[in-house]
Asks: 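Below: one structure in structure tokens.
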Amino acid sequence: MAAEQVAAFEAAGLDMVWVGEGYGFDSPTLMGYLAARTSTVEIGSAILNVYSRTPTLLAQTAAGLDSVSGGRAVLGLGASGPQVVEGWHGVPYARPVGRTKEVVEITRAALRREPVEHDGPSFQVPLPGSLGKPLKLMSRPPRPSVPIYLAALGPKSVEGAASYADGWLPFLYSPEDAAQVWGDALAAGAAARSADLAPLEIVAGGVVAIGEHVKGVLDLVRPMFALFIGGMGGRGKNSYNDLIRQYGYEDEARRIQELYLDGKKQEAEATVPLELLERVNLVGPASYVKERIEAFRESGVTNLQVTPVGDDATELVRRLKEWVA
């Protein structure tokens, strides 16, 4: 998204912008540029995976971004998946749940400018038997902590996010199905949550288009849905496919994956159920979009994450801000 557009969204009332990474441009570089072009909007990474950077480098990155943004950085982390971690970074995809927790512990300690000492299954800092000694962050960031949000879908990962993270970033979130899929995990995590942490923030939403004849916008997201449901991972090893099955689309999820992995991407896209697209996005007349906003709110979402689509996206953000407030 162009920096000028983000600045316009900020003026319209946008509270937070998320910068993706995947295996494209690295998000911290773009986040730093956005920090220079904006003044109030929070700027989050969505997501930095916990395999390609050490926890202390993540702390340095968060501290640097918080400094150049004047205390507006948000660190979005996640385990990603073996397709990216092993296929792009060449790092074994091991212990994602435990590794994520260790990363958060070390990152937070480093941001507090404590000498970093950690002895865990995934990380040993300093490295045993080396010349290394416990070090602390040389620079002084604006804040002793930067909010850490975790992208998570599986029950153990979601429980962990609810237990020790500042926020949770679910993907392909259906408010009507959230309690059934994640209710137990969120409750278990909340029961173990430290009293020192604020209540868990939940960030979810989707594409937003408002009008009487905008349903065609949903077709624009079919390729993305087909990619994640069908192409992220192999048969039996795709958490997004598993999620859609939990939503009740067992046959459709299987068929989308079969088609996508067989190279029939357009057929896979056409197989994505319209009902699913409607439940996960906010597309329709104003009254309908307001109802969807309330559905997300009632399901526990605290921060509505949107991709506005329309002739005047800035005005759309302004309207949404009023409705959410």
Asks: Does a side-chain N-to-carboxylate-O contact under 4.0 Å join Arg255 and Glu252?
Replies: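 No salt bridge links Arg255 with Glu252.
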Asks: Would you find more than 12 non-hydrogen atoms of other residues, nucleotides or ligands less than 6.0 Å from Asp311 atom CG?
Replies: no
Asks: Supply the atom-to-atom distance Ile202 CD1 to Leu304 CG, rounded to the nearest 0.5 angstrom.
Replies: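 If we round to the nearest 0.5 Å, Ile202:CD1 and Leu304:CG are 12.5 Å apart.
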Asks: Is the shortest side-chain N to carboxylate O distance from Glu294 to Arg297 below 4.0 Å?
Replies: yes
Asks: Quick check: closest heavy atoms across Leu77 and Val103, and the distance to 0.1 Å?
Replies: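 Shortest heavy-atom contact: CD1-CG1, 4.0 Å.
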Asks: Near Arg140 CZ, under 6.0 Å, is it more than 12 heavy atoms from other residues, nucleotides or ligands?
Replies: no
Asks: Kindly check if the number of other-residue, nucleotide or ligand heavy atoms within 6.0 Å of CG (Asp219) is above 12?
Replies: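 Counting neighbours around CG of Asp219, more than 12 heavy atoms of other residues, nucleotides or ligands fall under 6.0 Å, so yes.
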Asks: Which heavy-atom pair separates Ile43 from Val19 by the least distance, and what is that distance?
Replies: CG2-CG2, 4.4 Å
Asks: Using a 4.5 Å cut-off on heavy atoms from C-beta on, say whether the side chain of Gln257 contacts that of Ile229.
Replies: no
Asks: Would you indicate whether the side-chain heavy atoms of Pro28 and Leu65 approach each other to under 4.5 Å?
Replies: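 Heavy-atom side-chain distance check passes, below 4.5 Å.
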Asks: Glu21 and side chain to side chain contact (heavy atoms under 4.5 Å, CB included): which partner among Leu48, Thr29, Leu30, Ile47?
Replies: Leu48
Asks: Are any of the side-chain nitrogens in Glu4 or Arg37 under 4.0 Å away from the carboxylate oxygens of its partner?
Replies: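 Salt bridge: yes.
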Asks: Test your reading of the model: is there a side-chain donor-acceptor pair from Gln83 to the backbone of Gly233, 3.5 Å cut-off?
Replies: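 Here the side-chain-to-backbone pair exists.
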Asks: So, does Trp168 use its side chain to make a donor-acceptor pair with the main chain of Ala152 at under 3.5 Å?
Replies: yes
Asks: Taking the ring of Tyr51 and the ring of Trp88, is the distance between their centroids below 6.0 Å?
Replies: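 No, the ring of Trp88 stays outside the 6.0 Å limit from the ring of Tyr51, centre to centre.
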Asks: Show your reasoning for whether side-chain contact (heavy atoms from CB on, under 4.5 Å) applies to Val74 and Glu201.
Replies: CA-CA 12 Å; Val74 176; Glu201 299 285 327; over 6 Å; no
Asks: Give the cluster check for Val97 versus Leu153: same hydrophobic cluster or not, with ILVMFWY residues linked at side-chain heavy-atom distances below 4.5 Å.
Replies: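 Different clusters: Val97 never reaches Leu153 through Ile, Leu, Val, Met, Phe, Trp or Tyr contacts under 4.5 Å.
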Asks: For Arg113, check salt bridge (charged side-chain N to carboxylate O under 4.0 Å, His left out) against everything at least two apart and list the hits.
Replies: none
Asks: Less than 4.5 Å apart, side chain to side chain, heavy atoms only: is that true for Arg53 and Asp26?
Replies: yes
Asks: Given the rule that I, L, V, M, F, W and Y join up when any side-chain heavy atoms are under 4.5 Å apart, are Val324 and Leu282 in one cluster?
Replies: yes
Asks: Any sub-3.5 Å donor-acceptor pair from Thr107's side-chain atoms to Pro55's backbone N or O?
Replies: yes
Asks: Does Ser174 have any side-chain hydrogen bond (donor to acceptor under 3.5 Å, both in side chains) partners at least two apart in sequence or in another chain, and if so, which?
Replies: Asp177
Asks: Tell me the closest heavy-atom pair linking Ala79 and Val85, and the distance in Å.
Replies: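 Closest approach of Ala79 to Val85: O-CG2, 3.7 Å.
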Asks: Under 4.0 Å between a side-chain nitrogen and a carboxylate oxygen: does that hold for Arg108 and Asp166?
Replies: yes
Asks: Assess whether a salt bridge exists between Lys215 and Glu278, defined as any Lys/Arg side-chain N lying under 4.0 Å from an Asp/Glu carboxylate O.
Replies: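 A salt bridge is present here (some side-chain N lies under 4.0 Å from a carboxylate O).
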Asks: Is the backbone of Thr271 close enough, under 3.5 Å, to the side chain of Arg222 for a donor and an acceptor to pair up by distance?
Replies: no
Asks: Val309 and Leu172: same hydrophobic cluster, using ILVMFWY side-chain contacts below 4.5 Å?
Replies: yes
Asks: Please check if the side chain of Asn241 supplies one atom and the backbone of Gly236 the other of a donor-acceptor pair under 3.5 Å.
Replies: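 It does not hold such a pair.
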Asks: Taking all atoms of both residues into account, what is the closest heavy-atom pair of Gly32 and Val68, and its distance?
Replies: CA-CG2, 4.5 Å
Asks: Going by the rule side-chain hydrogen bond (donor to acceptor under 3.5 Å, both in side chains), which residues pair with Tyr164 if we only count those two or more places apart in sequence or in a different chain?
Replies: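 Partners of Tyr164 under the side-chain hydrogen bond (donor to acceptor under 3.5 Å, both in side chains) test: none.
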Asks: Just verifying a value: how many Å separate Thr100 OG1 and Glu102 CD, rounded to the nearest 0.5 Å?
Replies: 9.5 Å
Asks: Say you draw a straight line from OG of Ser45 to CD1 of Ile148; how long is it, rounded to the nearest 0.5 Å?
Replies: 9.5 Å
Asks: Is the terminal nitrogen or CZ of Lys237 (NZ for Lys, CZ for Arg) located under 6.0 angstrom from the six-membered ring centre of Tyr93 and within 45° of that ring's axis?
Replies: no
Asks: I want to check something: taking the side chain as every heavy atom from C-beta on, are Met31 and Leu34 in contact at a cut-off of under 4.5 Å?
Replies: no
Asks: For Glu176, what residues pass the salt bridge (charged side-chain N to carboxylate O under 4.0 Å, His left out) criterion, not counting sequence neighbours?
Replies: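 Checked Glu176 against salt bridge (charged side-chain N to carboxylate O under 4.0 Å, His left out); matches are Arg292.
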Asks: Apply side-chain contact (heavy atoms from CB on, under 4.5 Å) to the pair Val104 and Leu150, showing each step before the final yes or no.
Replies: CA-CA 10 Å; Val104 173; Leu150 296 183; 4.1 Å; yes
Asks: Report the distance from atom CZ of Arg112 to atom CG of Leu137, rounding to the nearest 0.5 Å.
Replies: 12.5 Å
Asks: Within the side chain of Ser163, is there an N or O that forms a donor-acceptor pair under 3.5 Å with the backbone of Glu159?
Replies: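 Answer holds: no.
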Asks: Nearest 0.5 Å, please: how far is CD1 in Ile106 from CG in Leu57?
Replies: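 That separation rounds to 12.5 Å.
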Asks: Drop me the distance from Glu42's CD to Ser69's OG, to the nearest 0.5 angstrom.
Replies: 9.0 Å
Asks: Side chains of Phe9 and Thr314, heavy atoms from C-beta outward: is any pair under 4.5 Å?
Replies: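 Side chain of Phe9 against side chain of Thr314, heavy atoms only: contact under 4.5 Å found.
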Asks: Give me the atom names and distance for the closest heavy-atom approach of Val50 to Arg99.
Replies: O-NE, 2.8 Å
Asks: Quick one: do Tyr288 and Ile210 satisfy side-chain contact (heavy atoms from CB on, under 4.5 Å)? Show the steps, please.
Replies: CA-CA 9 Å; Tyr288 174 80; Ile210 301 173; over 6 Å; no
Asks: Listing request: all salt bridge (Lys or Arg N to Asp or Glu O under 4.0 Å) pairs with a residue in residues 60-89, at least two apart in sequence or in separate chains.
Replies: Asp66-Arg143
Asks: Can you run down the salt bridge (Lys or Arg N to Asp or Glu O under 4.0 Å) pairs that involve residues 127-139, sequence neighbours left out, and say none if there aren't any?
Replies: none
Asks: Spell out, as yes or no, whether a donor-acceptor pair under 3.5 Å connects the side chain of Thr38 to the backbone of Ala7.
Replies: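 No: the side chain of Thr38 does not pair with the backbone of Ala7.
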Asks: Under the criterion ring-ring contact (aromatic ring centres under 6.0 Å, His included), which of Trp182, Phe225, Phe228 is the partner of Phe171?
Replies: Phe228
Asks: Indicate yes or no for a side-chain donor-acceptor contact from Glu267 to the backbone of Leu259 under 3.5 Å, with no hydrogens or angles considered.
Replies: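 Absent.
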Asks: Ignoring hydrogens and geometry, is there a side-chain-to-backbone donor-acceptor pair from Ser67 to Ala63 under 3.5 Å?
Replies: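 A pair under 3.5 Å: no.
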Asks: Going by side chain to side chain contact (heavy atoms under 4.5 Å, CB included), Tyr173 matches just one of Val280, Val301, Val203. Which one?
Replies: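 Answer after filtering Val280, Val301, Val203: Val301.
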Asks: With a 4.5 Å cut-off on side-chain heavy-atom distances among I, L, V, M, F, W and Y, is there a chain of contacts connecting Val91 to Phe123?
Replies: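 Result: yes, single cluster for both.
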Asks: Please name the pair of heavy atoms, one in Gly22 and one in Val84, separated by the smallest distance, quoted to 0.1 Å.
Replies: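 Scanning both residues, the minimum pair turns out to be O-CG1, 4.5 Å.
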Asks: So if you build clusters from Ile, Leu, Val, Met, Phe, Trp, Tyr with side-chain heavy-atom gaps below 4.5 Å, do Val221 and Leu320 land together?
Replies: yes
Asks: Regarding Glu315 and Arg318, does a basic nitrogen lie under 4.0 Å from an acidic carboxylate oxygen?
Replies: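 So Glu315 pairs with Arg318 through a salt bridge.
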Asks: Quick one: do Val158 and Leu186 satisfy side-chain contact (heavy atoms from CB on, under 4.5 Å)? Show the steps, please.
Replies: CA-CA 6 Å; Val158 173; Leu186 289 169; 3.6 Å; yes
